[in-house]
Amino acid sequence: MKITFYGHSTLGIEIGRKHLLVDPFITGNEKASHIDISTLKADYILITHAHFDHIHDVEAIAKNTNAVIVSNWEIASHYGKKGFQYHQMNHGGSWQFDFGKVKFVNAVHSSSFPDGTYGGNPGGFVIEGEHKNIYIAGDTALTMDMKLIPMFTKLDVAILPIGNTYTMNIDEAIIASDFVDCDKILGVHYDTFGYIEINHEQAIRQFFDKGKDLMLLAIGESIEL
Ligand code: NI
Ligand code: MN
């Protein structure tokens, strides 16, 4: 499994020959201006919730790639009505795709579309593929529901928001990593806007002091699991 960070909460995930793209927000992010969305591959686009900083490039990329849009019932149906391929999920449900298994799990946040229409309830994804398991928390507060995840999946990496203001901060993300029983963390949802800027060295040190490895990738950088 290969994970590429495209800025903010946008991730490319390669599992075997399949390409997943998570929460595409690239052309709206000045910091990711060197990423050309027309070059991105996607068999599936996973969306955690309907906020603009998670769906901005969904339609452009889905048009290019004919990707299947995977999200909660409301968001998947929204794109289905527009003629895109879609797969609806909801909390607690899972589905075996051709790349692996996806479970839609709880997030504590909100999920309206940019025009104010209802985007269902926000969520996260647990993905099991190629003998590696990852948790994509989405935008969320620290929540006790995270403790359910290690009851069904032993995680290799937890992808957690750490930027504060709209989501957990670093101290809470450390507790979240305990809740999901995973010491390898990829940080997302930081630095994009003024309200979520973090001190990288300090954040990495805070995790290190608790015996945990916080990865903060450059935009375009990848890790292999
Ligand atoms: Ni959000
Ligand atoms: Mn967000």
Side-chain angles (χ1 to χ4, degrees), residues 3-13 20-33 35 37 40 42 45-62 69-79 89-91 102 104-127 134-143 145-146 157-173 176-177 180 185-198 200 203 214-219:
I3 302 174
T4 305
F5 180 58
Y6 289 115
H8 198 52
S9 292
T10 308
L11 303 163
I13 302 172
L20 284 59
L21 196 65
V22 181
D23 285 357
F25 172 67
I26 295 167
T27 62
N29 180 2
E30 274 179 22
K31 292 187 158 64
S33 59
I35 306 294
I37 62 165
L40 297 178
I45 299 174
L46 276 60
I47 305 171
T48 60
H49 65 294
H51 286 161
F52 78 98
D53 58 322
H54 299 259
I55 63 160
H56 190 76
D57 294 314
V58 167
E59 293 192 17
I61 294 169
I69 294 166
V70 179
S71 191
N72 70 18
W73 196 90
E74 290 80 3
I75 295 171
S77 305
H78 167 89
Y79 289 109
M89 300 193 75
N90 220 327
H91 297 93
V102 176
F104 193 64
V105 296
N106 197 30
V108 174
H109 193 66
S110 56
S111 178
S112 46
F113 280 96
D115 66 0
T117 56
Y118 181 56
N121 287 309
F125 297 101
V126 176
I127 303 174
I134 63 172
Y135 167 47
I136 298 165
D139 284 8
T140 185
L142 178 64
T143 163
D145 284 358
M146 291 168 175
V157 171
I159 300 170
L160 305 176
I162 56 172
N164 208 1
T165 304
Y166 308 109
T167 68
M168 298 187 280
N169 65 16
I170 289 151
D171 294 317
E172 290 146 1
S177 70
V180 300
I185 298 95
L186 175 62
V188 295
H189 216 274
Y190 63 91
D191 285 0
T192 319
F193 323 112
Y195 295 114
I196 59 174
E197 278 171 7
I198 64 160
H200 292 206
L214 174 66
M215 299 174 282
L216 299 177
L217 301 181
I219 296 175

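Both ligands and their constituent atoms are indexed starting at 1 by order of listing.
Here the Ni ion (ligand 1) is the vertex; the ND1 atom in His51 and the NE2 atom in His109 give an angle of 90° (to 10°). Here Asp53 contributes OD2 and His54 contributes NE2, and at the Mn ion (ligand 2) these two atoms make an angle of 90°, given to 10°. Vertex the Mn ion (ligand 2); arms to Asp139 OD2 and His189 NE2; angle rounded to 10 degrees, 90°.
Taking backbone and side-chain atoms together, Asp53 has no N/O/S atom less than 2.8 Å away from the Ni ion (ligand 1). Within the 2.8 Å limit, His54 places no N, O or S atom next to the Ni ion (ligand 1).
With His189 as the fixed residue, the side chain to side chain donor-acceptor pair (under 3.5 Å) test singles out one of Asn164, Asp139, Thr140: Asp139.
As for Asp139, its N/O/S atom nearest the Ni ion (ligand 1) is the one called OD2.
Checked by atom type, the side-chain pair Asn29/His56 shows no donor-acceptor distance below 3.5 Å.
Here the side chains of Ile3 and Ile159 are in contact, with some heavy-atom distance below 4.5 Å. Counting heavy atoms from C-beta outward, Phe104 and Phe125 have side chains that approach closer than 4.5 Å.
Aromatic pair Tyr190/His200: ring centres closer than 6.0 Å.
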